[in-house]
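Quick notes on the structure that follows.
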Amino acid sequence: MSSTKLYSTREVKLLEPGSRARVRGWVYRHRDLGGKVFIVVRDSEGILQMIASEAYTPREYIEEARRATIESSIIGEGVVARDPRAPGGVELRLERFEIVGLASDFPIKGGESIDYLLDIRHLWIRSRKLTAVMKIRDTIHGAFREFFKSRGFWEVSPPMLTQAAVEGGATLFKVDFFGRPAYLTQSAQLYLEVLIYSLEKVWTLAPSFRAERSRTRRHLYEYWHLEAEEAWVHMDGEMKLVEDLVAYTTRRVLDEKLEELSFLKRDTEKLEQATKPPYPRIRYEEAIELLRRKGVDINYGDDLGADEERLLTEYFDTPFFITHFPLELKSFYMKPDPHNPREALAFDLLAPEGIGEIVGGSEREDDYERLLNSITSRGLDPKDYEWYLDLRRYGSVPHSGFGLGVERYIMWVAGLDHIRDAIPFPRFRDRLYP
RNA sequence: GCCGCCGUAGCUCAGCGGGUAGAGCGCCGGGCUGUUAACCCGGUGGUCGGUGGUUCGAAUCCACCCGGCGGCGCCA
């Protein structure tokens, strides 16, 4: 178009008034007043108002600006001006204007139903809300990686296609693997356990798939799972790792994504409190006692449901741990507490404000015979776990690990009321498009 | 798997003690030289989710089916 320098909407706001600038983006708002055309342009960094006026814009470009429909891609060039009437206080007075891709009538105008918006997720994804969440997610991914690096962990890549279940009970997605049944993984844990015998401390960020027929605001069929496993570490050490990770990552979001949190109207004071570990720890039996005191009809041995978790979060302002669950409530690979073999060395981390469980972890059973008993007593077939049992025959070590549901954590950090907005393309039952 | 709710214009919804379909927004045309989800005037717009039934007559009543939303259980 010309040699005038290209700036992003954010950079334009830092220029001296009177500077020339070229800006490109998509039409976010369009108001044609006859003599003047106001166009608010959106790019990946923000929004900027452009104005076409007979006072400084050649007629042909005013006509072009008039034609620019919502979501058309455009390039504008002109003079930067400060004006309190402009959104953000800065605007671009156009001297040239070009439509790159004229948009058809954009289907989102405000007030659409969730169902409809999910059908056009590929267009809805442009919204400033979802853009803000995706930027926060990027910071979270980076913080995970840096945290583990700083703690001497190795990042590894477990398989997505597997032969059998990691945990009994949960439903698996079955796929056809050249005529043989295979399944999409629901956790990398068992594979991470394999890798600690050489790398000692490993982690991965990968998708997990659950075909549970869940239908709640906290469940996805495909979600991202942050998992870590370390040798020579007992439950207490693992919990310390988890709270340091969550505190560090939350701190990073506060430091780098304040603008996005503010756009999402997130109360950052709630996040500040979570940057100061240690987090409170209560044992399962204490949780039951707290609930009974609140009048809940629950007994030792009952599982904590969504309502119970929500009630418990009211006692705490930060994430908190629940530990030492009855063995029968937990998976076969968890180690019983030597001081009380009825309880597992397992822990959940619950996020406050009613979000509930975001992390599940445990010390793993490292004894061959006890692991074999645990598998058979739960009705699982030891043949499916031969390679896993082998790990206890060749230099077994005490070890612990955990899994964090990335979208649930994002839900809490970003203050989302539904998990679908924590991931660009949520997968639910009956929804695979787009 | 279970419980509850909803499918009417492009979108959001009203109409549902049965009598041939309505609003707002959008869109199109016109007006407006500072709009902020702009405003003002005019126009456009529908196999009332599908099939079958009851009825002289069904968006409205009944049955089944399809699609969706909220919640539970399970989990992260």
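First the proteins, then the strands, lettered A, B, ... as listed; each starts at 1.
- At B:U12, one or more side-chain N or O atoms of A:S113 fall inside 4.0 Å of OP1 or OP2 (strictly under the cut-off).
- Closest to the A:Y223 side chain, of the nucleotides B:C32, B:A76, B:C72, is B:A76.
- If you check B:U35, B:A37, B:U12 against the side chain of A:L33, the one that comes closest is B:U35.
- The side chain of A:R310 places an N or O atom within less than 4.0 Å of a non-bridging phosphate oxygen (OP1 or OP2) of B:C72.
- The pair A:D366-A:K335 meets the salt-bridge criterion, since a charged nitrogen lies less than 4.0 angstrom from a carboxylate oxygen.
- Using a 4.0 Å heavy-atom criterion, one finds that A:H418 contacts the sugar-phosphate atoms exclusively.
- We find that A:R137 and A:E407 are joined by a salt bridge, their nearest charged nitrogen and carboxylate oxygen being less than 4.0 Å apart.
- Atom P of B:G52 sits at a distance of 23 Å from the matching atom of B:U20, rounded to the whole Å.
- An OP1 or OP2 oxygen of B:G70 is reached within less than 4.0 angstrom by a side-chain nitrogen or oxygen of A:R420.
- Across the P atoms, B:A58 and B:C74 are found 49 Å apart, a figure rounded to whole Å.
- When the side-chain nitrogen and oxygen atoms of A:R31 are compared with OP1 and OP2 of B:C32, none of them lie within a distance under 4.0 Å.
- Nucleotides B:G26 and B:U44 are separated by 11 Å at their C1' atoms, to the nearest Å.
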